[in-house]
Structures are given as C-alpha cells and as structure tokens.
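Comments concern the structure below.
Below, chains carry the letters A, B, ... as their sequence lines are ordered, and counting in each starts from 1. Just so we're clear, the structure is a prediction, and the values are computed from it rather than from any experiment.
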Amino acid sequence: MAKKRKRQYWLFKSEPTAYSIDDLVKDKSTHWDGVRNYQVRNMLRDDVQVGDRVFFYHSNAKPMAIVGTAKVVEPGYADHTAFDSKDKHYDPKSDPDNPTWFMVDVEIIQKFETPVTRDDLKLDDVALGMAVMQKGSRLSITPVAEEEWKTIHKLAGAKDPR
DNA sequence: GCCAACGTTGGC
DNA sequence: GCCAACGTTGGC
C-alpha cells in the first residue's frame with residue numbers, strides 16, 4: 001500500500017465582498033475559482049490535495065481576520081471561469097484542452113465564533129511568522145505549518161475537529 | 001534577455 | 001486615499 005501523504009494546511013484569502021465565510025456557510029462547499037497567479041496556480045494544480053485543511057482569511061476587510069476553516073474535497077481541475085467570456089476572470093489564452101488556470105473545491109468545517117483578527121495575529125509569535133503576515137505577501141494561497149494551524153485554533157477558542 | 005511602464009493587491 | 005511590493009507586458 002502506498003504511504004499515506006501527510007495532511008497539509010493552507011490559508012486561502014478572499015475579499016468578503018467577493019466571497020465571504022458566510023457565503024461558504026450558506027453554500028456548504030464551493031469552487032475556489034478566479035486564481036490568476038502562476039505561483040498560486042501551481043499550488044492548486046500540484047500541491048493542494050483532498051483532505052488538506054484551509055484557513056479562510058478575509059482580506060481588504062474590516063476586520064481583516066482568519067474567520068473559519070474548510071477542507072479540500074476536490075483536487076485541482078480546470079478553472080472553467082477562464083473559458084467564459086462574460087466572466088470577470090475570463091482569460092482567452094486558457095485553452096480548454098490545456099487549461100492555464102486551476103481550482104479546487106472546498107467544504108466548510110467551521111466558522112469561528114471569534115475571528116482571529118490580523119491585530120490578534122501580530123501579538124502571537126507563532127502566528128506572526130505565518131506567510132500571510134510577511135510584508136509584501138500578496139499570494140492568495142499560502143502554506144500553513146501544523147503549529148500555526150493549532151495556534152490559531154487556540155487563539156479562536158475553537159475546537160479543531162478531525 | 002533586459003527593463004521601464006503599467007496594473008493589481010492589499011495593508012495601513 | 002496612499003503607496004510598497006510585486007507580477008505582467010511589450011519595446012528594443
């Protein structure tokens with residue numbers, strides 16, 4: 001039997017005006033579409049796997065915060081919004097037979113009762129080390145260490161369900 | 001292949 | 001609203 005890959009952790013950014021944690025609570029699961037950055041594309045295509053855990057982060061928001069968690073339920077596949085000329089993220093250069101852009105599906109685990117705000121994150125040494133906290137960090141998806149995953153659950157006063 | 005101009009992201 | 005930090009584009 002093949003050796004089981006260890007679960008990995010990620011942080012996905014979204015502007016709540018575009019898609020918020022409440023939208024995910026309502027939808028239960030969603031396509032994480034619209035990524036148009038090659039570094040992030042590579043992660044969605046190659047690295048993000050079913051069962052991986054995801055922090056949902058609100059960017060450009062009041063407050064900016066980690067607002068909940070989700071899990072990956074479908075690995076990277078073609079982002080069909082790139083093929084739709086009416087879509088905001090339409091990219092005529094992406095060929096359906098050899099797509100440029102990828103997305104994954106995620107499903108809600110929990111919305112934190114107490115979001116962990118960016119200001120909170122600054123006050124914790126472990127949280128402060130997260131990729132999303134580094135100056136100039138613009139990637140909409142970044143890897144998260146297991147220690148960071150646990151620390152943020154503590155800061156949220158939340159359980160980390162299996 | 002270089003790099004200046006331009007556009008976008010996203011914190012402050 | 002400002003602007004730093006990038007990523008992308010296109011002329012050369």
Side-chain angles (χ1 to χ4, degrees), chain A residues 8-27 30-48 52-70 72 76-106 108-145 147-158:
Chain A
Q8 289 182 202
Y9 303 90
W10 307 92
L11 180 142
F12 285 17
K13 274 188 212 175
S14 181
E15 300 194 13
T17 52
Y19 195 85
S20 74
I21 188 76
D22 289 324
D23 292 323
L24 185 59
V25 167
K26 178 162 52 76
D27 297 342
T30 191
H31 314 299
W32 203 266
D33 61 75
V35 167
R36 296 294 179 266
N37 170 286
Y38 286 99
Q39 244 181 295
V40 177
R41 185 280 310 268
N42 291 346
M43 287 190 273
L44 286 175
R45 189 189 56 191
D46 306 331
D47 301 330
V48 178
D52 283 0
R53 301 306 201 231
V54 171
F55 280 135
F56 198 120
Y57 177 87
H58 281 173
S59 64
N60 278 327
K62 283 183 187 167
M64 289 174 281
I66 294 173
V67 291
T69 58
V72 178
Y77 63 103
D79 180 346
H80 53 69
T81 65
F83 311 138
D84 178 0
S85 62
K86 288 185 286 296
D87 194 276
K88 185 173 178 245
H89 300 289
Y90 175 55
D91 180 3
K93 294 197 291 297
S94 185
D95 174 1
D97 292 327
N98 185 20
T100 308
W101 305 114
F102 285 74
M103 60 187 179
V104 300
D105 290 355
V106 299
I108 187 76
I109 295 176
Q110 67 176 325
K111 176 186 173 181
F112 287 153
E113 284 180 36
T114 313
V116 185
T117 67
R118 196 171 173 89
D119 288 341
D120 295 333
L121 296 171
K122 284 179 193 162
L123 297 174
D124 183 278
D125 283 346
V126 172
L128 189 59
M130 297 179 76
V132 73
M133 298 304 289
Q134 307 317 304
K135 187 174 156 69
S137 165
R138 294 181 359 169
L139 296 181
S140 60
I141 292 179
T142 48
V144 168
E147 188 189 13
E148 294 163 349
W149 179 262
K150 289 177 178 162
T151 297
I152 272 78
H153 278 83
K154 271 183 213 139
L155 292 176

Could you tell me how far apart A/Q134 (CD) and B/dG11 (P) are, to the nearest whole angstrom?
13 Å
Can you find a pair of side-chain heavy atoms, one from A/F55 and one from A/V144, that are under 4.5 Å apart?
yes
Value in whole Å for how far the P atom of C/dT9 lies from OH of A/Y38
7 Å
Measure NZ/A/K88 against C1'/B/dG7 and give the value in whole Å, please.
14 Å
Between residues 114-128 of chain A and DNA chain C, which residues have a heavy-atom gap below 4.0 Å?
none
How many Å lie between CG on A/N60 and C1' on C/dG1, as a whole number?
13 Å
OP1 or OP2 of C/dA5 under 4.0 Å from side-chain N/O of A/K135
yes
Within a reach of under 6.0 Å around CD of A/E147, are more than 12 heavy atoms found that belong to other residues, nucleotides or ligands?
no
In whole Å, what is the span from the CG atom of A/N37 to the C1' atom of C/dT8?
11 Å
Is the shortest side-chain N to carboxylate O distance from A/R36 to A/D79 below 4.0 Å?
yes
Parallel, tilted or perpendicular: which one describes the rings of A/Y38 and A/W101, with boundaries at 30° and 60°?
tilted
Rounded to whole Å, the CE-C1' distance (A/M130 to B/dG11) equals 16 Å
Inspect the surroundings of CD in A/Q39 and state if more than 12 heavy atoms from other residues, nucleotides or ligands are less than 6.0 Å away.
no
Grab the NE2-C1' distance between A/H58 and B/dT9 for me, whole Å please.
17 Å
Can you tell me if A/S94 uses its side chain to pair, donor with acceptor, with the backbone of A/T100 under 3.5 Å?
yes
Could you state the atom-to-atom distance from CH2 of A/W101 to P of C/dT8 in whole Å?
7 Å
Ranking B/dG10, B/dG11, C/dA5 by distance to the side chain of A/Y57, first place goes to B/dG11
Report yes if a side-chain nitrogen or oxygen of A/K13 is closer than 4.0 Å to either non-bridging phosphate oxygen (OP1 or OP2) of B/dG10; otherwise report no.
yes
The residue among A/D23, A/V106, A/D105 that forms side chain to side chain contact (heavy atoms under 4.5 Å, CB included) with A/T30 is A/V106
